[in-house]
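All chains are named by letter (A, B, ...) in the order of the sequence lines, taking the proteins before the strands, and each is independently numbered beginning at 1.
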Amino acid sequence: MTREIKVYNTMSRQKEVFSPLEPGKVGIYVCGVTPYNDPHIGNARPFVTWDVIRRFFAKCGYAVRYIQNFTDVDDKIIRTANERGVTWKDVADQYIDAYFRVMDELNVRRADVYPRVSETIPEIIEMVQGLVDKGFAYELEGDVYYSVESFATYGKLSGRNLDDMMAGARVEVDERKKNPMDFALWKSAKPGEPYWESPWGKGRPGWHIECSTMSLKYLGKTFDFHGGGSDLIFPHHENEIAQSQAYCGGTDCFARYWVHNGFITIHGDKMSKSENNFFTVAEILEKYPGEVVRFFILQTHYRSPLDFSDERLKDAQAGLARLAKAKENLDALSAKNGDADTAAVLAESAEKAREAFFDAMADDFNTALAISHLFAVAKDVNVYYNEVVNHGQAFDAKNFARVRAAFDDMAEIVGILEKSAAKSDEDAEIDALVEERLAARKAKNWARADEIRDSLKARGIVLEDSATGTRWKRA
RNA sequence: GGCGACAUAGCCAAGUGGUAAGGCCGAGGACUGCAAAUCCUUUAUCCCCAGUUCGACUCUGGGUGUCGCCUCCA
């Protein structure tokens, strides 16, 4: 907890030293998804990123409170529901389930709370009413709009001012609004739309307001981090700031650090639902394990664009396989006994690597650099494994435990190599074949040994011989 | 048009005013019955021009290129 953590704050456009609102605690609000279709890989990036950030904070000793919303009342959800002849709730529930299924595969830990718009209506109405009362919002025939001109610092986060936005921009002109940039806090219900009773009649919340209300409800007037994709900077986060600070009555309240991740692109162009150039996480998971996808995302700094392709995923898979191999070796060695003093240097360099890993994470969550230190430990482990297992060097259990602790700390933050494989019937059969081959090799019956190896290979099983036995894995 | 980001080896990707992490792929070698895995060795002067500096990939200015936000969007 004493480690200095630096964070790039979108608000100041520079790295700042993180100083928690309350010592030892971190409050995080990340904009979640609008559940109207299956999450694509671009949607997944912020959640994987924040999953690592929160794991890091936890490892540094902070008590983390992580809130992530579902915007389950929305035009697109309603439209989808009407097209399918089901309720908006059916649609939202379906895609919230899909979201969780996919995030579980990516090994993303659950948030502390997943508030939904539909469950936060009273608080939203209260906030909208408060904004009307304070003169920041006005009603128009059942709609309530936020008056951007009433908020002096509007545009601060995204670095724009109202004049710039007006010039050249062809915003839909609604003559009733005081300013074309005014946005809806509350929308009156049209036929066929879900609605809630309010002081302005039947209606539902506009976009933006839910995040202001939910963060206030679950994290308080002021909290540490607010995150999401860069495309949310404007207008979403800009509007949240306007709402929250107007409501709370001070420009020092609301989020203290704004953290925005870059986009996932495809052939260099932003992946987006509206461009229809996206891959859903689910379809990628048909070809690659979740941790490969996760690793792929984390090998690039979160603020950089990340180009998606099958080739990159394959690269990530190959790299992760090396770490997995080291983990296997780590496990195999950890099961051994031995009191020789052969791993002291190794332990020291592993702990040094862990320190470097934490330093990298503390510098604006540089997962790409951090992971390189994990590779360094992996290499050392593999070397030591060869010495002990294949060259008969005496084992040093005490110091090796330190290596393991360092490696596990790092892997846990990255969130990889955590699954433990359960033995299936097929596994047992393969074990038996491997045993038979081992016997054949002892008898120098190379023909039979190779026959078994080839037949397994045809099934996608690769064998690895060593001085002390044979291991196998699925390719 | 307004605002902003980025440009590093075959591919991906960190990075610091003082002579460029890591991963993937490729090549050579060790090990192996042969393989596989592993290990060792090996692959860049950082888009272009000008400037600041003892010294810049890293700072400043200009140029070129790519991308993003300004409308729903992670």
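A donor-acceptor pair under 3.5 Å is formed between the side chain of A/Arg55 and the backbone N or O of A/Glu412.
Here the separation of B/G22 from B/G15, taken at their C1' atoms, is 11 Å to the nearest Å. For the C1' atoms, the distance from B/A20 to B/U43 is 14 Å, rounded to whole Å. Rounded to a whole angstrom, the distance from the P atom of B/C48 to that of B/U64 is 16 Å. To the nearest whole angstrom, the two P atoms, one in B/C11 and one in B/G2, are 34 Å apart. Annotation: B/G10 and B/G68 have their C1' atoms spaced 28 Å apart (nearest Å). Nucleotides B/A14 and B/U8 are separated by 10 Å at their C1' atoms, to the nearest Å.
Side-chain atoms of A/Glu464 lie closest to B/A37 of the nucleotides B/C72, B/A37, B/G4. You'll find that the side chain of A/His301 is closest to B/A14, out of B/C72, B/A14, B/G2.
Between A/Leu106 atom CG and B/A74 atom P the separation is 16 Å, expressed in whole Å. Distance OH (A/Tyr302) to P (B/A13): 17 Å, rounded to an integer number of Å. Between A/Asp359 atom CG and B/G15 atom P there is a gap of 14 Å when expressed in whole angstrom units. As a whole-Å value, the separation of A/Gln393 CD from B/C39 P is 16 Å. Summarising the geometry, the separation between CG on A/Asn161 and P on B/G4 is reported as 11 Å, rounded to the nearest angstrom. Nucleotide B/C72 holds its P atom 13 Å from the CD atom of A/Glu210, rounded to whole Å. Counting to the nearest Å, the P atom of B/G4 and the CZ atom of A/Phe234 are 15 Å from each other.
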Tell me, for nucleotides 28-34 of chain B in 5' to 3' order, what letter each nucleotide earns: B for a base near a protein heavy atom under 4.0 Å, S for only sugar-phosphate near one, - for neither? -----BB
Using a 4.0 Å heavy-atom cut-off, write out nucleotides 19-26 of chain B from 5' to 3' as B (base contacted by protein), S (sugar-phosphate only) or - (no contact). --BSBS--
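Between A/Met271 and A/Val462, the residue anchored nearer the 5' end of RNA chain B, judged by the nucleotide with its closest heavy atom, is A/Val462. Both A/Gly159 and A/Ile233 lie close to RNA chain B; mapped to their nearest nucleotides by heavy-atom distance, the more 5′-ward contact belongs to A/Gly159.
Here A/Asn261 lies in heavy-atom contact (under 4.0 Å) with a base. Counting non-hydrogen atoms under 4.0 angstrom, A/Thr300 reaches the backbone sugars and phosphates but no base. Contact annotation for A/Lys444: no contact, since no heavy-atom pair falls under 4.0 Å across all strands.
Phosphate contact (OP1/OP2 of B/A37, side-chain N/O of A/Asn382, threshold under 4.0 Å): absent. Between A/Ser304 and B/A14 there is a side-chain polar atom (N or O) within less than 4.0 angstrom of OP1 or OP2.
Taking the ring axis of A/Phe296 as reference, the NZ or CZ atom of A/Arg312 does not stay both within 45° of it and closer than 6.0 Å to the ring centre. Taking the ring axis of A/Tyr66 as reference, the NZ or CZ atom of A/Arg54 stays within 45° of it and closer than 6.0 Å to the ring centre.
With a 4.5 Å cut-off on side-chain heavy atoms, A/Glu83 and A/Arg79 count as touching.
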Apply side chain to side chain donor-acceptor pair (under 3.5 Å) to residues A/Asn239 and A/Tyr154 and explain how you reach the verdict. CA-CA 8 Å; A/Asn239 292 351; A/Tyr154 188 79; 2.5 Å; yes
So which protein N/O to nucleotides 64-67 of chain B N/O distances come out below 3.5 Å?
none

